[in-house]
Amino acid sequence: MSNVPLLQMEHIRKVFPGVVALDDVSLTIKEGTVHALMGENGAGKSTLMKILTGVYAKTEGTIKWQGQDLDTSSITHVLHSGITMIFQELNPIKTMKVCENIYVGREPYKIKGLLLDRRKIVEDTRALFADLDITDIDPSGEVGNLTVAKMQMIEIAKAISYDAKLIIMDEPTSAISEKECQHLFRMVNNLKKRGIAFIFITHKMDEVFQISDEITIMRDGTYVGTYDAEKITHDELVKLMVGREITEMFPKEEAEITDVKLEVFGLNVDGVLKDIHFKVHKGEILGFAGLMGAGRTEVMETLFGIRRASSGTVKIFTYVYAGIMAAVAGMLLTARVASGQPGLGESFEMKAISGCVIGGVSLSGGIGSVYSLICGILIIGVLNNGMDLMNINGYMQQIAEGLILILAVLLDVFRSKASK
């Protein structure tokens, strides 16, 4: 193993218009190690990795790869240099075969550019899987039929096919079971023995200490320090991440628990859910716990209408219903990673409220018909999608959304006066 670090990022600074995202950040990665990159949301971890992989251009600083200056002006150049990143939101082409996903853009041809050599793609993928001890994925199978954990294995295999020497993994265990997590860690440890290094980004502290050799901590876009994973404690790590002593991780906040806003009883989905009952009160946080496959996701999908209930009754306060519609893309990490767009529910709260008011519910609250609510939400959705289809720029879309909000308020005022 060489004494020269595999990767050296020194004094990295990144300035966006009006915002210093990174300021004097350094990161050193050694060959054949797992290096955890830790920090709160917004600490700058993703920005640093996007600079490394060529997505963003650095404002200042140097990046050396195997002792030589690394040109990060091209994503493709970085990839072929041996650096690859597996993002939290996996983006395989689900309608294509496993082997086609691994070699997409690099397909072998019998006649160059004309006749694809499908047999060679399958054989190369099978040999790659055998080398990585992946035995439960069919190279000829369709990716859309696989679990998130198996899609991650495909991404790792793709990285190895590029002869990657550094693999960056962003929240790789966020939507997989404990068993799948351990399988992933075994694969990582086996690749470490070949000299392949990993940058591991996660918020799960137990996994950091289980898999990492070194830990680099960032806070508010700055470098805090790098520590040996065996010589730092959980509490020290948290303190360095947040910049203060944490006496209570989840302090209890007092809130007035009042009216029932959502009531579900006798909810059944054939073969999936049986006799589900619960109530949610105003001011209350109701948690759903259970093992993978216990039915938590399925309950939420049924409430939203993704699954059809075979029987049962749901009584729901109108704004709660709109909130579920607005947040469905991020209601569970499984939705975010496997099937939803991560930004789909962002900044939708005011649109949901506008839809409620246009659908006949007062801004001050109240009960409305589901039919009217859906009509209001559809109006908002059609307007937004219509503006996208007409290629109306984001600035004009914001103006239009502001006018919709004003219209909703005016409608509410008009109805209130009319009722008096």
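Computed from heavy atoms alone, side chains included, the values below leave out hydrogens, waters and symmetry copies.
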Novice: Are I156 and L184 side-chain neighbours, meaning at least one heavy-atom pair lies under 4.5 Å?
Specialist: yes

Novice: So how far is it from D213 CG to K192 NZ, rounded to the nearest 0.5 Å?
Specialist: 3.5 Å

Novice: Please name the pair of heavy atoms, one in A157 and one in I102, separated by the smallest distance, quoted to 0.1 Å.
Specialist: CB-CD1, 4.1 Å

Novice: Find the distance between CG (L128) and CD1 (I134) and round it off to the nearest 0.5 Å.
Specialist: 7.0 Å

Novice: Quick test of your reading of the model: are R118 and E100 salt-bridged, counting only N-O distances below 4.0 Å?
Specialist: yes

Novice: Spell out, as yes or no, whether a donor-acceptor pair under 3.5 Å connects the side chain of Q182 to the backbone of E180.
Specialist: no

Novice: Are the side chain of K279 and the backbone of V260 linked by a donor-acceptor contact shorter than 3.5 Å?
Specialist: no

Novice: Charged N to carboxylate O below 4.0 Å: is that the case for D124 and R106?
Specialist: no

Novice: Hey, is the main chain of T226 close enough, under 3.5 Å, to the side chain of Y223 for a donor-acceptor pair?
Specialist: yes

Novice: Where do I211 and N189 come nearest, in terms of heavy atoms and distance?
Specialist: CD1-OD1, 3.8 Å

Novice: Strictly by modelled atom types, are S310 and N268 linked by a side-chain donor-acceptor pair under 3.5 Å?
Specialist: no

Novice: Under a 3.5 Å threshold, yes or no: a donor from one side chain and an acceptor from the other, between E60 and H11?
Specialist: no

Novice: Check whether S212 reaches the backbone of I215 with its side chain - one donor and one acceptor, N or O, closer than 3.5 Å.
Specialist: no

Novice: If you measure from the Lys or Arg side-chain nitrogens to the Asp or Glu carboxylate oxygens, is any gap between D24 and R13 under 4.0 Å?
Specialist: no

Novice: Do the side chains of L191 and L132 get nearer than 4.5 Å, heavy atoms only?
Specialist: yes

Novice: Quick one: pull up OG1 in T84 and NZ in K165 and give me the separation to the nearest 0.5 Å.
Specialist: 12.5 Å

Novice: In Å and rounded to the nearest 0.5 Å, what is the CE to OG1 distance from M85 to T53?
Specialist: 6.0 Å

Novice: Passes side chain to side chain contact (heavy atoms under 4.5 Å, CB included), T33 versus L6? Steps please.
Specialist: CA-CA 10 Å; T33 62; L6 187 66; over 6 Å; no

Novice: How close do K45 and E40 get, counting heavy atoms only, and between which atoms?
Specialist: NZ-O, 3.1 Å

Novice: Is it true that the side chains of T233 and D235 contain a donor and an acceptor less than 3.5 Å apart?
Specialist: no

Novice: Do the non-hydrogen side-chain atoms of F288 and M300 ever get within less than 4.5 Å of each other?
Specialist: yes

Novice: Quick one: do L237 and M205 satisfy side chain to side chain contact (heavy atoms under 4.5 Å, CB included)? Show the steps, please.
Specialist: CA-CA 9 Å; L237 177 56; M205 297 292 184; 3.5 Å; yes

Novice: What's the verdict on side chain to side chain contact (heavy atoms under 4.5 Å, CB included) for T47 and M218, showing C-alpha distance, side-chain angles and the deciding distance?
Specialist: CA-CA 11 Å; T47 302; M218 295 179 64; over 6 Å; no

Novice: Can you see which heavy atom on V78 is nearest to which on T72, and at what distance?
Specialist: CG2-CA, 3.8 Å

Novice: Is the charged tip of K14 near the ring of F16: under 6.0 Å from the six-membered ring centre and within 45° of its axis?
Specialist: yes

Novice: For D170 and S46, which heavy atoms make the closest approach, and how far apart are they?
Specialist: OD2-OG, 4.4 Å

Novice: I want to check something: taking the side chain as every heavy atom from C-beta on, are V269 and E301 in contact at a cut-off of under 4.5 Å?
Specialist: no

Novice: Can you check whether I199 reaches L27 side chain to side chain, under 4.5 Å on heavy atoms?
Specialist: yes

Novice: State, with a plain yes or no, whether a side-chain heavy atom of I168 is found less than 4.5 Å away from one of I83.
Specialist: yes

Novice: Charged N to carboxylate O below 4.0 Å: is that the case for R119 and D117?
Specialist: no

Novice: Can you tell me how far CD1 of I121 sits from OH of Y109, rounded to the nearest 0.5 angstrom?
Specialist: 8.0 Å

Novice: Step by step, work out the side chain to side chain contact (heavy atoms under 4.5 Å, CB included) result for Q152 and M187.
Specialist: CA-CA 11 Å; Q152 283 182 334; M187 181 181 290; over 6 Å; no

Novice: Using a 3.5 Å distance criterion without hydrogens, assess whether the side chain of R296 forms a donor-acceptor pair with backbone atoms of G290.
Specialist: yes

Novice: Assess whether salt bridge (Lys or Arg N to Asp or Glu O under 4.0 Å) is satisfied between R186 and D133, documenting all intermediate values.
Specialist: CA-CA 10 Å; R186 283 195 297 272; D133 196 27; over 6 Å; no

Novice: Considering only heavy atoms from C-beta outward, does the side chain of V272 approach that of T302 to under 4.5 Å?
Specialist: no

Novice: Rounded to the nearest 0.5 Å, what separates atom OG in S81 from atom CG in L7?
Specialist: 11.0 Å

Novice: Can you confirm whether N41 sits close enough to H203 that some side-chain heavy atom of one is under 4.5 Å from a side-chain heavy atom of the other?
Specialist: yes

Novice: Minimum heavy-atom separation for N101 and K158, please, with both atom names.
Specialist: O-CE, 3.1 Å

Novice: Should we say atom CG of L286 is surrounded by more than 12 heavy atoms from elsewhere, each under 6.0 Å from it?
Specialist: yes

